[in-house]
Structure formats: structure tokens, C-alpha cells
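Single-structure report; data block below.
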Amino acid sequence: MRRGISVAALVGVLALTATACGGDSGGGAGDGSKAASDPSSVSGTITWWDTSDATNEAPTFKKLVADFEKKYPKIKVNYVNVPFDQAQQKFKTAASSNQGAPDVLRSDVGWTAGFAQLGYLKDLTGTPALDKTDDFLEGPLKNAAYQGKTYGVPQVTDTLGLLYNKELFRKAGIDKPPTNWKEVKEAAEKIKDKTGTAGIGLNPDSYYSLPFLYGENSDMVDVEKKKITISDAASRKGIETAVDLVKSGAAPKPAGTDGYNNLKTDFKNGKLAMLIDGPWATKEIFGGEAYKSKDNLGIAAVPAGSTGTAGAPVGGHNLVVYAGTKNFDASYLFARFMTEATQQETASTTIGVLPTRKSAYTKAVLSDPVRDAYYRALDKAHPRPAIPQGGDLFTDWLQHYTKILTLKEDPKAGLDATAKAWKSALLKDYAIQE
């Protein structure tokens, strides 16, 4: 799962002027003039905090760093791999104290708006870091923006899809994946009747509730109208759809603890026919008993709700530049290089991540059925709310959504409690949509 840990909302915007941990020369004015007019003259040292998986992804990004240093031999990059679940708080602590923050950070899309509001990030609009913006996919570019300014360069993206076991579908006489939740329920019941296998796994993490909200044309919040919509009638209908799948037996009741990993284990070993998940899960799934032949894995767009609308959240990571760096030019060049189509294609074909640039979806990238399926699923994906509290919203909702899916709390009660908690602590200037 790629959504990140929440950013605590702080009061005020901090003025950041201290030296970043690696910046020792070049581009101090922050206008990117050298990076734009004479990039080969840019020199100095910058530090990059890479939050990718240290085992499966980081080696590829380290190689791309080496390629950057070959292209710009006067620039040295201090590469630091920071565990994803520690990076948000670690960056916030370093930036707020003006001590030890990296020049460039690989930021989860859910962190970017919060960091920007706090003044930790450089506005990259019009800088050399943000090159050929019309080449970026719409969703990832929206996830890099806050209040009309762009604070990140989209590096990788992802979304959720419906994963299914083709062999179990064939045994049950189902010739195509379901396109809405009603068909999911019918398929699950048929598979259980014909094969004895459980139907669809529903992850109790609150991030995975979003397709049910989107299926009813709702969301957690309406940013434009400044309304909390998690507890309105449309959202409630979406969550009740998920609950019905559990109550009917179409979906096994998830475990309250470690429910995600349990479901993934059952799916990869053929004990579960369908699962909602992202491209990051496929490597582990292909190691399971049921997918010794990769062709057995089917991937389709997440099912639609009663409105006929289908959609999943846009996830991924941006490269952001610390507002206190003393080497803007080198930071701009690095962020641009790492997000160019050539580098994105290399990362995609090597480790399977999805590019954010349209031009990076080459034949080599799309020849892989997993990447091709998720690329098509991105057409229906929804950008996340561009508010500083975006990541925090999942924390309160997680407690209640887990209880709701495990049938320990009534959906309306859990949704109302979530809305009140957000109104009290996170979104005091928002109204609760009835």
C-alpha cells in the first residue's frame, strides 16, 4: 500500500533559510538561472532521501543517481535510503528545526500538500525542475499541487485494481471479470458454490474504502465546498455495499489485525478468488502457489458502484525540493533528470513501477500485462484531496472502517463519528454534509 503516514497539522508557515544537509554551493538565489541557462556549470553536493523499498526498488534508483552524476560530473549526490514509514516524520522534524533536511525528498503524494502548507517545500512552478508539464498524466500532476502551485515533480504513480484468479473463474464458468459490486457479489457466490473457494477479499485499511465512496460519486471531503462528505448519504451507501459483501459471505470477514497480509496470502495461494490491490502487491503474489504461471493473474479496473461510476485513488510519489536548500540549481537538475521519460522507462521495466509521464509508456513498458492493466486503470483513477490534512484523514477513519468491515460497528455510527472527529481536530472550518 502506498499512501503514507499522516502529517500533523501545525499552525503557521515557517520561514526556512538554513543550510540543507548537503548543499554547499550553487544556485543559492533559488531562481534556477544556472540550471536553465548553463546546466553544465552547476556544481556542489546535494542529499536525496529515497523512500523506495530498500531491497526491491532502491538499487535501480541508486543506478539512476550514478547516471545523473555522469551527466553532471560537477554535482555529487549523497544518496540516503530512508524507510518509508519513518520518512514523513523524520523530514518534518529536520525541516522544522532547519537541521539535517535533505535537498530533495521522495515524498508520498499524501504528504506533499502538508509539507507545502508548512513552508517546507520550494514552489517548483516555472523552475527547471518541472519540465514539459503537458507530458505528465493528469492525476499525478494534480497530486503534486497545492493552492494553484506545484510543489513536486511526479516520479511514480499507482492505483488500485481488481485482481482475480483466472483458473477459479474458469472452473466457476465465469468468462469475464465483474464490472460492478453487484456482479462481484454474484461471481463470489458462484465461485464459492462451484469451487468452495472464498470470493473477494476486502482490505480493512481505510485507504481501500475509497473505491466504494467513488462508486457513489462521493469522497471523504469536498474541498471546493469545504464540506466533510464521509458521512453523507452517498458515502454511507458505498460503505454499506462493502458491508453487504461481508454479511452475505461474498467476502470473508477480514481479520482486525494484519487483515491485509492475511488476505494477500490467501489470494496468492489460491484460497481467495478476488482481491482489490495495487501493482506493488503483484511481485509477492507471483511467488504464490496459484501464480506459478503469471498468466493466471487477471487484472481489471475496480468495480463500479450503483451510479455506474468506478474509480480508485491515485497514489505515488513526487520529488520535492526543500525550501531551505542552498543549492536550488543542482536540486532542480536532479529532480528533472530523475523524472524524465528515459529514467521513468528504465525504472518501470526494471522494477515494475508506473511512470507519471505519457511518453514513458513505451512498447517496452506496456508489453508487461501488469503495467498495461494498471495504466488503463489510471484512466478512472481519482486524485486525492489536495489539502494539508489529506494524510491525516485516514487515521480516524481507519479505526472505524476496520470495526465496520469486521461487523463490530454500524456503518452510520462509524461514519458519523469519523466526520465529527475530523471536524473537531482537522477540518474545523469545514461543515459536515448531511
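Note that CG of Leu124 and CG of Asp131 are 12.5 Å apart. Values are rounded to the nearest 0.5 Å. Distance CG/Asn296 to CD/Glu167: 5.5 Å, rounded to 0.5 Å. Atoms CD1 and CD1, from Ile228 and Ile230 in turn, are 10.0 Å apart once rounded to the nearest 0.5 Å. One distance of note links CG of Leu130 with OG1 of Thr150; it measures 5.5 Å at 0.5 Å rounding. Separation of atoms NE2 (His317) and OG1 (Thr112) is listed at 9.0 Å; rounding is to 0.5 Å. For the atom pair CD1 of Ile299 and CZ of Arg376, the computed distance is 9.0 Å after rounding to the nearest 0.5 Å.
The main-chain N or O of Pro303 is never found under 3.5 Å from a side-chain atom of Thr179 such that the two would form a donor-acceptor pair. Thr47 contributes no side-chain N or O that, together with a main-chain N or O of Pro102, makes up a donor-acceptor pair within less than 3.5 Å. Of the possible polar contacts, none joining the Thr195 side chain to the Lys192 backbone as a donor-acceptor pair under 3.5 Å is found. Distance alone, capped at 3.5 Å, is enough to place a donor-acceptor pair between the Thr157 side chain and the Gly315 backbone. Between the side chain of Glu216 and the backbone N or O of Ser306 there is at least one donor-acceptor pair closer than 3.5 Å. With hydrogens and angles disregarded, no donor-acceptor distance shorter than 3.5 Å links the side chain of Asp50 to the backbone of Phe61. With hydrogens and angles ignored, the 3.5 Å screen pairs no side-chain donor or acceptor of Asn269 with any backbone N or O of Lys271. For Arg371 (side chain) and Ser348 (main-chain N/O), a donor-acceptor pair under 3.5 Å exists by modelled atom type. Looking only at distances, a side-chain donor or acceptor of Gln389 sits under 3.5 Å from a matching main-chain atom of Leu426. Between the side chain of Thr159 and the backbone N or O of Pro313 there is at least one donor-acceptor pair closer than 3.5 Å.
Side-chain contact between Glu69 and Val77 is present, with at least one heavy-atom pair separated by less than 4.5 Å. Looking at heavy atoms from C-beta onward, Ile276 lies out of side-chain contact with Asn203 at the 4.5 angstrom threshold. Between Thr45 and Asn78 there is a side-chain heavy-atom pair separated by less than 4.5 Å. Within the 4.5 Å cutoff, no side-chain heavy atoms of Arg236 are placed close to those of Ser231. Between Leu64 and Thr346, some side-chain heavy-atom pair lies under the 4.5 Å cut-off. Considering only heavy atoms from C-beta on, His382 stays 4.5 Å or farther from Val314 through its side chain. Taking the side chain as every heavy atom from C-beta outward, Tyr401 and Asp396 never approach each other to under 4.5 Å. For the pair Thr257/Asn262, no side-chain contact is recorded, criterion being any heavy-atom separation below 4.5 Å from C-beta on.
Salt bridge present: Glu186 and Lys182 bring a charged side-chain N and a carboxylate O closer than 4.0 Å. Between Lys264 and Asp277 there is no salt bridge, since no side-chain N of the basic residue sits under 4.0 Å from a carboxylate O of the acidic one. Salt bridge status for Asp416 with Lys420: absent, with no side-chain N to carboxylate O gap under 4.0 Å. Using a cutoff of 4.0 Å between basic side-chain nitrogens and carboxylate oxygens, Glu289 and Lys268 are not scored as salt-bridged. The pair Lys71-Asp67 does not meet the salt-bridge criterion, since no charged nitrogen lies less than 4.0 angstrom from a carboxylate oxygen.
There is no side-chain donor-acceptor pair under 3.5 Å between Asn327 and Thr325. With 3.5 Å as the limit, one finds no donor-acceptor pair spanning the side chains of Thr339 and Gln343. Donor-acceptor pairing under 3.5 Å is lacking for the side chains of Asn318 and Ser107. Side-chain atoms of Thr350 and Thr60 include no donor-acceptor pair closer than 3.5 Å. Side-chain N/O atoms of Gln344 and Thr356 include a donor and acceptor closer than 3.5 Å. Judged by distance alone, the side chains of Ser235 and Asp232 do bring a donor and an acceptor atom under 3.5 Å apart.
The cationic atom of Lys294 (NZ for Lys, CZ for Arg) lies less than 6.0 Å from the six-membered ring centre of Phe286 and within 45° of the ring axis.
Considering all non-hydrogen atoms of both residues, Ala129 and Ala335 come closest at CB-CB, 4.2 Å. Contact record, Ala290 with Asn165: CB-ND2, 3.9 Å, taken as the closest heavy-atom pair. The heavy-atom pair separating Val184 from Met274 by the smallest distance is O-CE, 3.9 Å. Pairing each heavy atom of Tyr120 with each of Lys92, the nearest pair is CE1-CG, 3.8 Å. Residues Val302 and Gly311 approach most closely at CG2-O, 3.3 Å, considering heavy atoms. Heavy-atom minimum distance, Pro128 versus Ala35: CG-CB, 3.8 Å.
Contacts of Asn143 classified as side-chain hydrogen bond (donor to acceptor under 3.5 Å, both in side chains), with partners at least two apart in sequence or in another chain: none. For Thr406, the side-chain hydrogen bond (donor to acceptor under 3.5 Å, both in side chains) test picks out no residue, with sequence neighbours left out.
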* **Steps toward side-chain contact (heavy atoms from CB on, under 4.5 Å) verdict (Arg336, Val153)** => CA-CA 8 Å; Arg336 185 175 71 190; Val153 189; over 6 Å; no
* How far apart are the C-alpha atoms of Thr309 and Asn217, what are their side-chain angles, what is the distance that settles it, and do they pass the side chain to side chain donor-acceptor pair (under 3.5 Å) test? -> CA-CA 7 Å; Thr309 301; Asn217 289 326; 2.9 Å; yes
* Asked: Between Asp295 and Lys166, is a salt bridge (Lys or Arg N to Asp or Glu O under 4.0 Å) present by the stated rule, with each step listed?
  -> CA-CA 8 Å; Asp295 291 340; Lys166 292 180 180 179; over 6 Å; no
* Going through the distances and angles, do Phe267 and Tyr291 end up as a ring pair (Phe, Tyr, Trp, His ring centres under 6.0 Å)? -> CA-CA 10 Å; Phe267 181 75; Tyr291 300 97; 5.3 Å; yes
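Residues Trp280 and Tyr260 place their aromatic rings such that the two centres sit no closer than 6.0 Å. Ring pair Phe169/Tyr164: centre-to-centre distance below 6.0 Å.
The ring-ring contact (aromatic ring centres under 6.0 Å, His included) with Trp111 is formed by just one residue from the set Phe84, Tyr151, Phe91; it is Phe84. Of the candidates Phe337, Phe68, Tyr79, Tyr79 is the only one forming a ring-ring contact (aromatic ring centres under 6.0 Å, His included) with Trp48.
Listed by first and then second residue, the salt bridge (Lys or Arg N to Asp or Glu O under 4.0 Å) pairs involving residues 345-367 are Asp135-Arg357 (not counting sequence neighbours).
No more than 12 heavy atoms of other residues, nucleotides or ligands sit less than 6.0 Å from atom NZ of Lys380.
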